[in-house]
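Read through the structure below, which is laid out as structure tokens, and then see the notes.
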Amino acid sequence: MLVAGNWKMFKGPSETVAFFDAFDPPLGVDVVVCPPYVSLARAVGRGVTVYAQNVHWDAEGAYTGEISARMLVELGVEGAIVGHSERRQYFGETDETVARRAEAALDAGLGVIACVGETDDERASGRTEEVLRRQVAVLPRHERLVIAYEPVWAIGTGRTATPAIAQEAHALIKSLHRAPVLYGGSVKPDNAVELMAQTDVDGALVGGASLDPESFRAICVAALV
Ligand code: PGA
């Protein structure tokens with residue numbers, strides 16, 4: 001089981017230090033924390049695996065605002081999220097750029113959590129399977145690649161997918177790709193056990209509830225049940 005915390009644009013360096021001073025990860029579960037770029041250096045070396053929230057596909061170049069895999073490696077960061085729906089929605093991320101970012105990260109020796117998931121409209125119009133097939137098809141086959149199924153309608157909304165909906169999507173993704181599949185979208189301490197108990201759910205990608213050391217620990221403990 002893998003539990004990853006995606007902090008999004010929360011916690012600068014001093015709040016990151018405070019989080020790790022208070023966070024006591026349980027044994028027996030792989031825990032990953034994904035702070036903003038400026039906080040990565042403070043997170044490395046605190047007993048938990050550290051991933052970035054994005055990574056560029058080139059080693060260096062004229063790409064204002066971007067960070068390369070090599071730079072993350074130099075810092076002791078062990079991986080990156082790619083293709084989060086907020087990147088797709090607000091920053092023009094496409095299936096093609098997600099694939100390029102994932103490949104570059106894997107080539108540099110990093111782990112990757114690649115996010116996929118349908119919007120509310122896509123689910124309502126019966127296109128969930130088509131969307132997941134398209135998003136998964138571009139992802140590289142690699143032992144360090146993990147997929148996160150994050151239905152867009154469940155992110156930050158408190159509208160968690162039911163365990164049955166999650167299981168159905170995870171089973172489809174696993175029929176298309178050999179990677180472990182995390183569930184993400186309003187995972188909280190009180191729904192984490194049930195979600196992670198599903199056969200094809202291999203862990204969780206947690207947003208809001210990963211910001212508090214106690215609630216994030218509780219979700220990590222739920223992965224052990
Ligand atoms: P949430 O975010 O847990 O706050 O819904 C999940 C994510 O975006 O990874």
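Everything quoted here is computed from the prediction, not taken from an experiment. Worth knowing before you read on, the calculation uses all heavy atoms, side chains too, and leaves out hydrogens, waters and symmetry mates. Indexing begins at 1, ligand by ligand and atom by atom, following the structure's order.
- Around CZ of F10, the count of heavy atoms belonging to other residues, nucleotides or ligands within 6.0 Å does not exceed 12.
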- Message: Applying side-chain contact (heavy atoms from CB on, under 4.5 Å) to R46 and V48, what does each step give before you reach the verdict?
- Response: CA-CA 6 Å; R46 298 299 307 261; V48 168; 5.8 Å; no
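- Shown in contact with G207 at under 4.0 Å from a heavy atom are these atoms of ligand 1, numbered in order with element: 1 (P), 2 (O), 3 (O), 4 (O), 6 (C).
- Numbered from 1 in the order shown, with element, the atoms of ligand 1 that lie under 4.0 Å from a heavy atom of N6 read 9 (O).
- In terms of polar-atom proximity, defined here as any N/O pair under 3.5 Å, S186 does make such a contact with ligand 1.
- Between L182 and V146, some side-chain heavy-atom pair lies under the 4.5 Å cut-off.
- In terms of protein heavy-atom proximity, atom 4 (O) of ligand 1 is closest to G208 N, 2.9 Å.
- Remark: minimum distance from atom 9 (O) of ligand 1 to any protein heavy atom is reached at E150 OE2, 2.7 Å.
- Counted within 6.0 Å of CD on E168, heavy atoms from surrounding residues, nucleotides or ligands total 12 or fewer; the atom is thus considered open.
- Looking at E86 next to ligand 1, no N or O pair under 3.5 Å apart turns up.
- Around atom CD of E122, more than 12 heavy atoms belonging to other residues, nucleotides or ligands sit under 6.0 Å away.
- Residues M1 and L224 fail the side-chain proximity criterion, which asks for heavy atoms closer than 4.5 Å.
- Put simply, part of G185 is less than 4.0 Å from ligand 1, judged by heavy atoms.
- Under a 4.0 angstrom heavy-atom cut-off, S85 registers as lying outside contact with ligand 1.
- C220 contributes atom SG, which lies 4.5 Å from atom CZ of F23 (distance to the nearest 0.5 angstrom).
- Residue contacts with ligand 1: A209 is placed with no nitrogen or oxygen under 3.5 Å of a nitrogen or oxygen of the ligand (distance criterion only).
- Annotation for ligand 1: atoms under 4.0 Å from non-hydrogen atoms of H84 are 7 (C), 8 (O), 9 (O).
- Ion pair K174/D202 flagged as a salt bridge, since at least one NZ, NE, NH1 or NH2 atom sits closer than 4.0 Å to an Asp/Glu carboxylate oxygen.
- Less than 4.0 angstrom separates some heavy atom of A154 from each of these atoms of ligand 1: 5 (O).
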